[in-house]
S.K.: 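Below is the structure I would like to discuss, written out as structure tokens.
Counting convention: from 1, in listed order, for ligands and their atoms alike. These numbers were taken from a predicted model, which means no experiment stands behind them. Computed from heavy atoms alone, side chains included, the values below leave out hydrogens, waters and symmetry copies.
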Amino acid sequence: MGQIVRKIYLHWSATSYTWARPGSYHTIVLGNGTVRRFTGYDQPISKHTYARNADSVAICLACMGGSGWRSYPPTEAQIESMCQEVANLAIRLGWQPKDITVKRVLTHAEAAANRDYSLEAARKVSGWPLPTSTPQTEQYLALARQLGLPHENYGPSHWFDGWPGGFVERWDLWQLKPSDRPGQGGFTLRQKIQQYMAEGRSPTAGFNTTPNNRLRSCPVYVGTQLIGQGMLLPDQRCYVKFSDLARAYQLELVWNNPFRFVNVKTDRYQVKYIADVPLFRGYPAVDIYLNRPMDEDGQPINDPEFPARPFMQGLVIEGATYVMIADFCNEFGISLRVDPNFSVYLEGPSATPQPPTGEQLPSPNISQPELPKKLRDCDIFSGDRLISRGALMPDQRCYVKIADLAAAYNLGLRWNSAYKYVNVLSDRFRAKTLPNSPIVPGYAAVDLYFNREEDSRGNPIDSANPNPQPFLRGIVIDNVLYVLVADFCNELGISIRVDPDFSVHLGAA
Ligand SMILES: [Zn+2]
């Protein structure tokens with residue numbers, strides 16, 4: 001069952017501006033204002049806000065890493081994006097601007113200080129000495145609960161209004177800039193959220209979706225067949241009715257009403273999870289999942305440890321769900337051409353490449369496949385040994401068969417056909433798991449994990465690492481899995497040099 005959202009917590013990540021990965025927060029807002037939603041708001045996540053994770057949502061700004069204010073202070077773009085995203089969620093929850101109080105929308109600094117409880121109650125759990133061990137933390141938690149509070153005060157040391165100080169374990173968004181009054185951050189954010197809510201509801205603000213007022217319409221063709229009319233919206237991107245696309249590509253769409261998400265049911269496609277959330281005032285973005293697990297009554301099966309991840313978001317306009325056409329094509333690996341007159345041409349479903357099937361990875365020994373879209377070959381050397389021939393793809397980067405790299409560096413490879421990923425096994429290397437996705441239009445992407453735990457039947461266990469991340473994504477070219485050689489080397493710490501003749505020289509095994 002889905003959760004009922006009672007509180008929204010606002011965080012910062014203590015990272016650079018580009019940090020974004022699933023597991024800890026529902027949504028992360030990058031330094032440039034891009035919004036990435038990793039978990040639908042109807043699902044709980046188990047570890048964002050100490051002792052407060054149930055029935056709540058966590059939204060995080062990627063910032064404040066390095067030396068904090070001097071390296072990555074919160075940017076204006078990301079603050080505005082976060083407030084707009086919270087406003088859209090609040091509207092969807094049926095909240096009014098007057099409901100945006102510290103009882104419902106809190107910075108982590110405020111949550112840590114129990115600012116949603118009475119001053120009298122908060123005082124009782126403040127001023128405790130810093131806990132230095134887990135047993136002490138447990139004891140604090142028990143004591144706080146006896147006093148009717150979720151936890152001790154582990155927040156900032158002081159506040160402009162004299163609220164009691166804590167031992168400063170968390171101070172997320174206490175201020176938005178160093179010149180703010182101590183503790184001003186949450187107050188400023190709530191005011192902005194209220195403004196966005198008010199503007200979003202106004203009939204003249206945001207964008208107007210009546211057919212006469214969108215920028216223009218764009219006819220959408222699949223192959224030679226006209227399948228619908230998209231609309232160019234004020235972000236100058238073309239949005240198309242999802243049901244028109246689903247019909248053309250034979251995707252089954254299931255609309256879940258109580259929790260407002262769309263489930264795409266198909267075994268013909270994989271998606272890449274790279275789309276950003278489209279942000280429009282007053283238009284909550286609807287999560288779209290691929291094959292989300294559902295029970296017999298059509299309700300989602302949720303697991304706070306392994307929340308299902310939407311691959312893109314749609315906008316509900318005049319009662320229909322629209323998706324950005326470029327995102328849709330990118331996710332599904334469908335090639336796309338937009339003409340100067342804004343007609344959109346999509347590759348037909350029959351030409352879509354399929355993921356590899358069968359229990360084994362395709363053999364590394366099959367003859368060199370034809371790669372019609374590659375720019376050229378590149379010889380790949382490990383030390384002075386030629387180990388493979390790579391393909392320079394239209395993104396001007398060199399891709400190499402993972403099987404050849406695995407053979408050269410003694411890596412085990414297991415194709416998990418049930419879960420459609422590749423497990424790379426080695427105890428000689430470590431992977432850094434830097435987020436990155438190759439996007440080569442028309443090619444399906446496959447996740448590669450490093451030493452992912454599996455049981456004897458090949459099901460992932462993931463007990464040691466509850467939020468396993470793929471360390472690489474490959475692309476399937478003529479049924480063979482290729483990876484970007486630079487990413488592979490980066491991940492495993494192998495040196496790489498590319499010569500002007502495009503030969504690639506890797507550190508010896
Ligand atoms: Zn936090």
S.K.: Applying the ring-ring contact (aromatic ring centres under 6.0 Å, His included) criterion to Phe311, which one of Tyr289, Phe332, Phe38 satisfies it?
M.R.: Phe332
S.K.: Does atom NZ of Lys7 have more than 12 heavy-atom neighbours from other groups under 6.0 Å away?
M.R.: yes
S.K.: What atom name does the N, O or S atom of Asp172 nearest to the Zn ion (ligand 1) carry?
M.R.: OD2
S.K.: So that I know where these two stand, are Phe242 and Tyr322 an aromatic pair - ring centroids less than 6.0 Å apart?
M.R.: no
S.K.: Under 3.5 Å, is there a donor-acceptor pair between the Gln184 and Thr188 side chains?
M.R.: yes
S.K.: Looking only at N, O or S atoms in His11, which is nearest to the Zn ion (ligand 1)?
M.R.: ND1
S.K.: Determine which of the N, O or S atoms in His108 is closest to the Zn ion (ligand 1) and give its atom name.
M.R.: ND1
